[in-house]
Amino acid sequence: MAQERVIALVDMDCFYVQVEQRRDPSLRGKPCAVVQYKKWQGGGIIAVGYEARAKGVTRQMRGDEAKKKCPEITLVRVPENRGKADLTRYRDAGREVIEVLCKFSRCVERASIDEAYIDLTEEVVKRIEERGPDSVTVDMLSSTHVAGWQTDTVGQSSESEGINLDGRAVGVFQWLDSLSRRDASLYDRRLAMGAVIAEEMRAAVERETGFHCSAGIGHNKVLAKLCCGLHKPKQQTVLPHASVPQLYSTLPIKKVRGCGGKLGASLTEDLGVEYMGQLAAFSEKELQAKCGDKCGTWLYNLCRGVDYEPVKDRQVAQSIGCGKNFPGRECLDTKEKVLHWLSQLSSELAERLQKDKEMNNRVAKLLVVGFRNDGNPPTSASRSCAIHRYEADQLCKDAFILLKQFNLAGNHQAAWSPPIMNLHLNASKFVEEGGAASGNIATFLSKTPNNKLSQAPSMKQETKKEATQHGSKEERRTSGIAAFFSPSHKNVVREVEGEIKTTIGTSVQVNTSPASTGPGQVQKMSFFAKFKQSPAEQEGRSRAGGIPLTAQCERSPRKTGFFAAKSVKSSSASGCVKSVKNAHSPDDVTLQEELQTQWKGCDKSSNDTSTVSQPSDKPQIQAESHTPRTGPSDTNSTASDSDSNGEGPQEGSTEPDRPDCTAVPSDRCVSVTGDASGTQVDAEDVTKCEKCGKDILAWELPEHLDFHFAMELQQQQQQQTSNGTGASAHASGSNVSKATSGAAKITGKRRGRPPKRQKIDHPTLDAFFKHRS
DNA sequence: CATGGGGTTAGT
DNA sequence: ACTAACCC
Ligand SMILES: Nc1ccn([C@H]2C[C@H](O)[C@@H](COP(=O)(O)OP(=O)(O)OP(=O)(O)O)O2)c(=O)n1
Ligand SMILES: [Mg+2]
Ligand SMILES: [Mg+2]
């Protein structure tokens with residue numbers, strides 16, 4: 001049954017802004033936004049607090065623009081490290097939230113840095129068993145709205161003896177009241193219980209992290225996401241299945257997750273469909289003809305409020321990447337620039353991968369390097385190779401090898417052919433760490449990475465200024481199984497005693513507090529504002545004592561009994577997907593010979609003079625920079641003012657030391673493959689490099705030497721910049737390869753590979769073949 | 001000059 | 001393996 005599940009979507013309110021406001025409490029309650037960079041017209045705004053939204057400040061806006069709209073606004077800068085924005089602070093904060101959510105369900109899916117889907121079916125069923133279906137009372141839903149049941153404002157509340165009934169509370173009450181009728185939907189009762197749990201989850205999130213959030217509760221992910229946005233700061237919305245048609249009748253297609261881009265536009269253009277509900281007029285086949293079988297079926301169901309996508313049991317990202325744009329004149333048009341930024345990106349990636357390994361007991365096996373060129377249209381491409389070790393210089397080196405195939409300029413030249421406007425690295429294909437005592441045997445054998453959150457994210461120094469109580473920070477959550485719900489919820493059992501049987505107008509135990517109303521309370525005026533009225537109101541009906549019909553939609557001839565549906569695929573488990581897939585991962589990457597030496601020393605002080613790290617943050621891993629700080633406010637120039645000029649150092653600190661230029665004995669990776677398909681580069685044909693004394697495949701010597709050249713060149717350049725001296729790159733490098741410049745075409749087919757078949761080519765080998773074949 | 005820096009999934 | 005679409 002399409003309504004058997006109870007899914008919640010929790011989304012943090014103006015997340016980055018809240019993260020900054022927790023760090024610096026003086027920012028609380030003030031108009032505030034987070035900007036990235038500052039030089040170009042005040043930087044780009046990526047998050048806006050609700051006070052500032054009320055003044056018209058939006059994302060995408062430039063900092064300068066925001067200042068015009070709201071002169072009192074405080075713009076907080078995203079931390080910068082290695083010359084680029086660094087979102088670590090927000091990722092860490094997002095993980096804190098996920099940790100809390102995991103206490104409420106075994107199935108939590110991290111959907112983005114600030115939101116997660118939670119399959120609450122199991123918990124809901126359990127609670128209904130324990131407490132009965134009618135145990136939900138309005139006071140348990142003090143910040144809840146029921147879509148389609150909002151009796152709106154206008155004149156009311158005056159005559160009620162002292163009871164301030166707002167439209168929200170009346171709607172909640174009427175809905176709950178309707179659920180106690182015999183013919184009420186069993187699944188609506190589940191939703192009500194889900195809403196209770198969602199209230200508790202959100203309270204726990206706020207108590208334990210200091211961040212407030214909103215939520216949507218529905219029978220599937222799309223509906224949960226959709227209704228979360230109906231009432232945004234510090235509120236939640238439950239969407240009964242019967243309210244879907246009403247909601248969809250005026251919901252622009254592009255508001256639905258997955259339809260916000262070209263698909264939604266083409267549906268409107270080609271089918272003449274404006275609102276989601278209109279899609280229901282098309283047959284499944286018609287929709288399939290329009291956008292393919294899978295998509296067509298998906299739309300056919302979706303416009304009826306049905307979506308079967310499971311909530312995945314995954315709390316950690318499946319890829320870790322970093323990148324940077326180089327717009328306009330900042331484009332990378334020399335090999336030195338490319339190497340420099342590759343080095344910066346590699347450094348960040350290696351650091352993040354290492355931390356990820358420690359925290360999640362897994363290692364990434366695939367490195368992807370990608371770029372974009374200017375043009376009309378802009379072109380882009382990416383290439384990948386195996387990751388053998390988490391070492392910045394190795395990643396840098398491999399990435400460069402992959403990248404240089406696209407350099408139309410000669411390899412020995414200073415210039416880089418089509419200038420690069422965007423460069424990015426990404427690591428993925430995680431497998432559980434080989435470490436002995438890790439994970440159980442089954443998961444180890446299947447090479448399934450641990451995608452559960454394992455331990456508290458070190459709980460850094462990020463003090464919980466707002467957090468109170470000892471609370472459950474102990475995190476006895478290891479992974480999986482032992483996640484049972486426990487949080488300190490007060491308003492629990494109300495026992496079945498007083499079902500709230502009352503009628504409008506009589507004494508109702510309505511919680512008067514709107515739970516939150518503040519400067520931020522600005523409701524979206526676009527589509528969402530309109531759906532705040534009940535169907536009755538939209539139809540011009542009176543709502544006096546009227547209990548809205550719950551019918552009119554497909555109310556299934558359902559069997560009775562809460563567990564009737566249990567047989568369907570898994571009611572309690574309700575299809576929550578445990579990420580145990582990859583029984584035989586497609587990437588049983590064969591470890592292979594390490595063909596090249598690693599130079600630690602891609603750059604040591606790879607910091608060019610101008611790049612500076614930034615906010616002194618907490619005692620981070622910074623080198624020396626002793627900003628006597630400890631308070632949160634120290635930090636990122638919460639520079640609301642001036643400063644407009646500086647992309648420059650926000651505050652100095654040097655980059656943490658990087659491995660230095662010493663050759664290291666190569667611990668060549670053994671080939672070994674568990675799998676017959678994996679082909680390795682044979683370790684034969686090895687010769688010794690005179691520059692570093694390492695064993696190199698003979699056929700790769702040209703590439704190898706080229707690296708020495710490039711690295712030396714880069715080092716030299718960095719020395720120069722730090723000395724402020726002029727420049728000229730004379731490379732002592734015994735550059736050998738040169739004539740062999742065969743740049744790859746971006747759009748065209750790649751050249752054939754050697755007859756060897758393999759899962760993941762060794763980068764240098766791959767490069768070699770593409771290079772000269 | 002010029003949103004930018006992330007992520008996931010589906011199609012080929 | 002790589003690209004495109006979509007999303008935060
Ligand atoms: N294009 C975007 C969208 C979002 N974000 C970041 C900043 C946001 O704070 C965070 C969460 O995105 P949301 O769309 O959930 O927006 P907010 O949480 O900021 O606001 P809201 O209260 O509307 O959810 O992700 C971003 O960097 N770039
Ligand atoms: Mg949000
Ligand atoms: Mg979000």
Side-chain angles (χ1 to χ4, degrees), chain A residues 9 11-12 14-16 34-47 58-66 77-81 84-88 90-91 94 109-117 221-222 225 228-229 254-266 291-295 298 309 312 314 316-331 345 348-349 352 366-370 372 374 377 379-386 402 419 421-429 586-587 647 744 746-750 753 758-761 766:
Chain A
L9 181 276
D11 185 289
M12 307 308 294
C14 55
F15 189 47
Y16 290 10
V34 172
V35 295
Q36 218 167 213
Y37 306 118
K38 205 90 181 57
K39 217 184 175 85
W40 179 252
Q41 296 178 11
I45 292 178
I46 58 175
T58 68
R59 181 150 51 217
Q60 313 264 111
M61 213 172 251
R62 286 286 155 184
D64 294 346
E65 221 177 320
R77 294 175 65 174
V78 169
E80 284 172 40
N81 278 314
K84 65 178 286 298
D86 183 341
L87 304 183
T88 299
Y90 311 109
R91 277 185 291 259
E109 176 182 349
R110 176 200 199 264
S112 81
I113 198 168
D114 92 319
E115 67 201 66
Y117 289 94
K221 290 168 73 171
V222 168
K225 173 64 182 171
C228 177
K254 64 171 179 294
K255 300 292 183 186
V256 172
R257 187 195 60 151
C259 298
K262 296 185 177 183
L263 174 62
S266 77
C291 62
D293 285 5
K294 183 171 182 179
C295 181
W298 178 72
E309 184 184 322
K312 292 165 191 61
R314 178 176 52 75
V316 297
Q318 289 176 303
S319 69
I320 294 177
C322 56
K324 182 168 173 52
N325 281 356
F326 303 95
R329 223 196 67 73
E330 294 181 3
C331 70
L345 295 175
E348 178 183 331
L349 184 60
R352 287 168 57 192
L366 187 73
L367 175 69
V368 178
V369 54
R372 177 171 36 80
D374 206 354
T379 56
S380 64
S382 69
R383 290 293 182 268
S384 61
C385 70
L402 297 178
M421 317 296 283
N422 170 277
L423 188 58
H424 56 272
L425 298 183
N426 189 284
S428 59
K429 290 195 189 298
D587 61 85
E647 196 67 58
I746 294 180
T747 55
K749 275 290 194 186
R750 300 168 62 194
R753 290 169 182 262
Q758 50 202 59
K759 290 290 191 170
I760 293 184
D761 295 337
D766 191 38

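In what follows, every chain begins at residue 1, and chains take the letters A, B, ... in the order their sequences are listed.
- Nucleotides dA2(B) and dC8(C) have their P atoms positioned 26 Å apart, rounded to a whole Å.
- When distances run from any side-chain atom of Y37(A) to the nucleotides dG6(B), dG4(B), dT3(B), the shortest one goes to dG4(B).
- Using a 3.5 Å distance cut-off with no hydrogens or angles, the side chains of N426(A) and H424(A) do not pair a donor with an acceptor.
- In this entry the distance linking CZ of F326(A) with P of dT3(B) reads 16 Å, nearest Å.
- OP1 and OP2 of dA2(B) both lie 4.0 Å or more from every side-chain N or O belonging to N325(A).
- An OP1 or OP2 oxygen of dG6(B) is reached within less than 4.0 angstrom by a side-chain nitrogen or oxygen of R352(A).
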Nucleotide by nucleotide, nucleotides 3-8 of chain C touches protein heavy atoms under 4.0 Å in the pattern (B base, S sugar-phosphate only, - none) S-SSSS
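- In terms of phosphate contacts, Q41(A) brings no side-chain nitrogen or oxygen within less than 4.0 Å of OP1 or OP2 of dT3(B).
- Of the candidate nucleotides dA2(B), dG4(B), dA1(C), dA1(C) has the atom lying nearest to any side-chain atom of K429(A).
- Atom CD of E80(A) and atom CD of Q36(A) lie 8.5 Å apart (nearest 0.5 Å).
- In this view, D11(A) and K232(A) satisfy the side chain to side chain donor-acceptor pair (under 3.5 Å) rule, not counting sequence neighbours.
- For dG5(B), neither phosphate oxygen OP1 nor OP2 lies less than 4.0 angstrom from any side-chain nitrogen or oxygen of R91(A).
- Within the nucleic acid shown, R110(A) has no heavy atom closer than 4.0 Å to any nucleic acid atom.
- For the side chain to side chain contact (heavy atoms under 4.5 Å, CB included) with N325(A), the lone residue among M421(A), E330(A), R372(A) that qualifies is R372(A).
- Among I46(A), D114(A), V34(A), the single residue meeting the side chain to side chain contact (heavy atoms under 4.5 Å, CB included) criterion with Y90(A) is V34(A).
- Comparing dT3(B), dC2(C), dC1(B) against the side chain of S384(A) picks out dC2(C) as the nearest.
- Ion pairing between K324(A) and E348(A) fails under the 4.0 Å rule for side-chain N and carboxylate O.
- If you check dG6(B), dC1(B), dT8(B) against the side chain of E348(A), the one that comes closest is dG6(B).
- In this structure, K84(A) and M421(A) both approach DNA chain B, and ranking their closest nucleotides by distance from the 5' end singles out M421(A).
- The side chain of A317(A) lies closest to dG7(B) when the candidates are dG7(B), dG6(B), dT3(B).
- Rounding to the nearest 0.5 Å gives a distance of 5.5 Å between CZ of R257(A) and NZ of K221(A).
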Enumerate the protein-to-nucleotides 10-12 of chain B contacts in which both atoms are nitrogen or oxygen and the separation is below 3.5 Å.
| from | atom 1 | to | atom 2 | distance (Å) |
| --- | --- | --- | --- | --- |
| dA10(B) | OP1 | K294(A) | NZ | 3.2 |

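- Within the nucleic acid shown, I320(A) comes within 4.0 Å of sugar-phosphate atoms alone, with no base atom in reach, counting heavy atoms only.
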